[in-house]
Amino acid sequence: GESVGLHLPTLSVQEGDNSIINCAYSNSASDYFIWYKQESGKGPQFIIDIRSNMDKRQGQRVTVLLNKTVKHLSLQIAATQPGDSAVYFCAENKSGGGADGLTFGKGTHLIIQP
Amino acid sequence: ETGVTQTPRHLVMGMTNKKSLKCEQHLGHNAMYWYKQSAKKPLELMFVYNFKEQTENNSVPSRFSPECPNSSHLFLHLHTLQPEDSALYLCASSQDEAMNEKLFFGSGTQLSVL
């Protein structure tokens with residue numbers, strides 16, 4: 001089975017609220033994690049990444065949290081806006097892994113309600 | 001824009017047709033990739049080129065034939081496709097295939113095989 005997955009296929013949030021998108025991984029050797037955003041009709045766009053020597057990393061309105069103990073990754077989006085509507089998916093890679101080691105999750109569709 | 005351009009955006013072809021997908025990156029990267037994205041499935045790596053040399057063929061049927069004339073251009077030649085090959089085909093690039101790093105994706109070619 002897949003080593004990377006998401007808990008919910010669809011997440012609906014009110015505009016202005018914070019969004020939390022979760023991702024579980026099963027490969028303990030994975031040490032690099034990426035979140036991508038894919039809007040309708042577009043390719044995946046890099047949001048933020050984190051390496052296993054960190055627990056938390058912040059970007060502009062986004063925060064990624066990594067819990068290596070339970071192999072869990074989350075993406076937090078602050079003050080969700082209509083432009084945040086998209087499919088979000090995580091990806092993992094092993095230490096020394098090239099593109100062939102990059103594993104993607106299926107994605108969570110984030111829906112913003114006015 | 002991500003710096004990775006794909007043409008055409010949409011393609012409809014019959015099973016006996018021959019067509020080609022084109023990808024061009026303006027980022028000065030050395031690695032280029034073809035991915036297949038089907039509905040409700042994770043991204044599937046097809047081919048990897050690093051410094052114009054193919055380094056990965058992920059058990060892709062021979063009806064898909066990649067070509068990389070230089071580090072900036074990547075083609076995917078299609079011949080005798082099947083309806084199940086209908087999907088979004090994404091091109092991506094990165095600085096180097098061997099390093100753990102983020103990929104830059106194009107907007108994809110939405111392919112329909114009739």
Side-chain angles (χ1 to χ4, degrees), chain A residues 1-6 8-10 23-27 29-54 57 59 62 64 66 75 86-109, chain B residues 1-10 21 23 25 27 29-51 53-60 74 87-110:
Chain A
E2 296 174 17
S3 64
V4 179
L6 294 165
L8 296 173
T10 302
C23 185
Y25 66 96
S26 58
N27 191 342
S30 294
D31 68 347
Y32 179 57
F33 305 87
I34 316 170
W35 279 102
Y36 283 94
K37 171 187 180 182
Q38 187 172 19
E39 297 176 83
S40 179
K42 297 185 178 180
Q45 179 184 2
F46 170 86
I47 302 174
I48 193 168
D49 58 2
I50 189 168
R51 298 192 184 274
S52 59
N53 60 350
M54 302 175 68
R57 191 169 187 213
V62 295
V64 55
L66 176 62
L75 178 71
V87 174
Y88 292 81
F89 51 91
C90 61
E92 64 167 330
N93 208 342
K94 301 185 297 293
S95 178
D100 59 339
L102 190 61
T103 304
F104 291 87
K106 292 182 182 178
T108 292
H109 187 192
Chain B
E1 295 299 323
T2 64
V4 181
T5 304
Q6 288 187 245
T7 56
R9 291 296 306 275
H10 302 274
L21 310 185
C23 177
Q25 57 97 0
L27 301 168
H29 288 166
N30 297 310
M32 296 188 76
Y33 313 78
W34 280 116
Y35 279 89
K36 176 183 179 181
Q37 187 175 39
S38 304
K40 299 181 181 180
K41 293 177 68 175
L43 285 171
E44 300 174 57
L45 179 65
M46 299 176 72
F47 301 104
V48 181
Y49 279 83
N50 201 36
F51 292 93
E53 298 297 320
Q54 187 179 124
T55 59
E56 180 75 22
N57 178 336
N58 200 22
S59 301
V60 181
L74 186 65
L88 180 68
Y89 288 86
L90 290 162
C91 173
S93 72
S94 67
Q95 185 61 45
D96 188 286
E97 190 269 334
M99 306 296 293
N100 271 351
E101 57 188 49
K102 57 183 178 280
L103 301 176
F104 292 81
F105 287 88
S107 294
T109 295
Q110 186 65 56

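Here is the naming used below: chain letters follow the sequence lines, and residue numbers restart at 1 for every chain. Only heavy atoms go into these numbers, but all of them, side chains included; no hydrogens, no water, no symmetry mates.
- For B:Q37, the part lying under 4.5 angstrom from a heavy atom of chain A is the side chain only.
- Heavy atoms of B:Y35 lying under 4.5 Å from chain A belong exclusively to its side chain.
- Both the backbone and the side chain of B:L103 come within contact range of chain A, with heavy atoms under 4.5 Å apart.
- Only the side chain of A:Q38 comes within contact range of chain B, judged by heavy atoms closer than 4.5 Å.
- Heavy-atom pairs under 4.5 Å with chain A were tallied for B:Q110, B:E56, B:Q6; the largest tally goes to B:E56.
- The nearest pair of heavy atoms linking A:Y32 to B:K102 is OH-N, 3.4 Å.
- The two atoms that bring A:P44 and B:L43 nearest to each other are CG-CD1, 4.3 Å, heavy atoms only.
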